[in-house]
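Just follow the structure's listing: the first ligand is 1, and inside any ligand the first atom is 1. Remember, it's a predicted structure, so these values are computed and weren't measured experimentally.
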Amino acid sequence: MSSAPEDRIRLIDTDAVPAHIAVIMDGNGRWARQRNLPRIAGHRAGIQSVREILEASVELGVGALTLYAFSTENWKRPPSEVRALMELLREYLDREIDNLDRNDIRFETLGDSSALGPVIRSELEHAVERTADNGGLRFNVALNYSGRDELLRAVNAILTQAKDDPRLLEGVTEEHISRHLYTAGLADPDLLIRTSGEWRVSNFLLWQIAYSEIWVTDTLWPDFRRPHLYDAIIAYQKRERRYGGLTPALAR
Ligand code: IPE
Ligand code: IPE
Ligand code: MG
């Protein structure tokens with residue numbers, strides 16, 4: 001493409017921007033290793049990508065942005081890395097909460113935050129409460145998140161409800177399940193982006209991505225900035241979403 005990367009925004013059809021974008025932010029460790037830096041330097045660099053992608057999403061009129069920040073499996077990492085990640089999250093919230101609120105962004109978390117430390121938990125709760133009435137972009141951060149665990153919780157919550165409402169035992173619907181997920185009330189992602197060239201879902205939004213368009217890029221998360229988001233959206237806009245049906249051209 002001949003135009004400067006930032007100019008590619010002009011190739012985006014502003015009437016067909018994905019309403020919900022989900023991102024598996026991956027490759028921070030490799031970004032650091034390439035520079036002979038400790039892994040945490042990659043996580044720190046990734047924060048700037050979060051800022052840019054959030055800002056660009058607001059500008060483009062994306063309705064919801066969901067970032068995978070920490071999976072239930074990420075506890076397997078060395079305690080020093082886990083601690084550093086939690087500390088970065090705290091720093092991020094401290095620095096950005098005013099800015100999020102000012103931009104009418106509604107901040108929420110997906111996942112089991114009860115396992116996070118008390119300090120971080122209360123900061124998260126504060127950020128969620130403070131932005132609860134904001135009507136702009138919905139900014140969801142998946143923390144201690146697992147798609148399978150989310151589904152199990154939904155099933156178990158429905159079983160508990162069934163004790164009072166035995167009609168549920170006659171059959172559970174998709175709506176019942178959706179209503180009990182962390183994403184209750186949010187539309188499913190239209191576009192799922194994974195950075196760092198890994199073709200895996202890694203337990204992210206298993207239910208919700210049933211018909212998401214997937215974009216995998218080799219770019220490592222700390223290098224993933226505005227132009228990369230534009231490219232993902234441009235590619236998304238060229239896709240035909242068929243949902244198992246036929247487009248008019250194929251039906252002929
Ligand atoms: C993604 O980067 C951030 C988290 C999972 C917290 P990684 O830390 O997984 O980076 P790589 O995959 O080792 O390069
Ligand atoms: C997925 O990345 C989780 C997050 C981005 C938070 P990982 O780096 O943990 O995933 P795997 O281990 O490569 O599947
Ligand atoms: Mg990784």
Within reach of ligand 2, part of Phe70 (heavy-atom separation under 4.0 Å): backbone
Judged by modelled atom types alone, do [X] and [Y] share a side-chain donor-acceptor pair under 3.5 Å?
X	Y	value
Gln237	Glu213	no
Arg194	Ser202	yes
Ser114	Arg121	no
Thr217	His228	no
Asp101	Thr131	no
Tyr182	Arg153	yes
Trp221	Ser196	no

Distance-only N or O hit between ligand 2 and Arg200, under 3.5 Å: yes
Ser202-ligand 2 polar pair, N/O distance under 3.5 Å: yes
Protein contact for atom 12 (O) of ligand 2 (heavy atom, distance under 4.0 Å): no
For ligand 1, which atoms sit closer than 4.0 Å to a heavy atom of [X]?
X	answer
Arg39	7 (P), 8 (O), 10 (O), 13 (O)
Asn28	1 (C), 2 (O), 3 (C), 7 (P), 10 (O), 14 (O)
Asn74	5 (C)

Give me the residue, atom name and distance of the protein heavy atom closest to [atom].
atom	result
atom 2 (O) of ligand 2	Arg194 NH2, 3.7 Å
atom 7 (P) of ligand 2	Arg77 NH2, 3.8 Å
atom 10 (O) of ligand 1	Gly29 N, 2.9 Å
atom 5 (C) of ligand 2	Met25 O, 3.2 Å

Gly27 heavy atom under 4.0 Å from ligand 1: yes
Contact with ligand 1 for His43, non-hydrogen, under 4.0 angstrom: yes
Parallel, tilted or perpendicular: ring planes of Tyr145 versus Phe204, cut at 30 and 60 degrees: perpendicular
Region of Gln34 engaging ligand 1 - heavy atom pairs below 4.0 Å: neither
Proximity to ligand 1 by part of Ala69, non-hydrogen separation under 4.0 Å: backbone
Note, Arg239 side chain near Trp215 side chain (heavy atom, < 4.5 Å): yes
Contacting atoms of ligand 2, where contact means under 4.0 angstrom from a heavy atom of Tyr68: 3 (C), 4 (C), 5 (C), 6 (C)
Ion pair Asp190/Arg241, N-O distance below 4.0 Å: yes
Short N or O distance, Leu85 and ligand 1, threshold 3.5 Å exclusive: no
2.8 Å cut-off met by an N, O or S atom of Asp26 to the Mg ion (ligand 3): yes
Arg35 CZ: over 12 foreign heavy atoms closer than 6.0 Å: yes
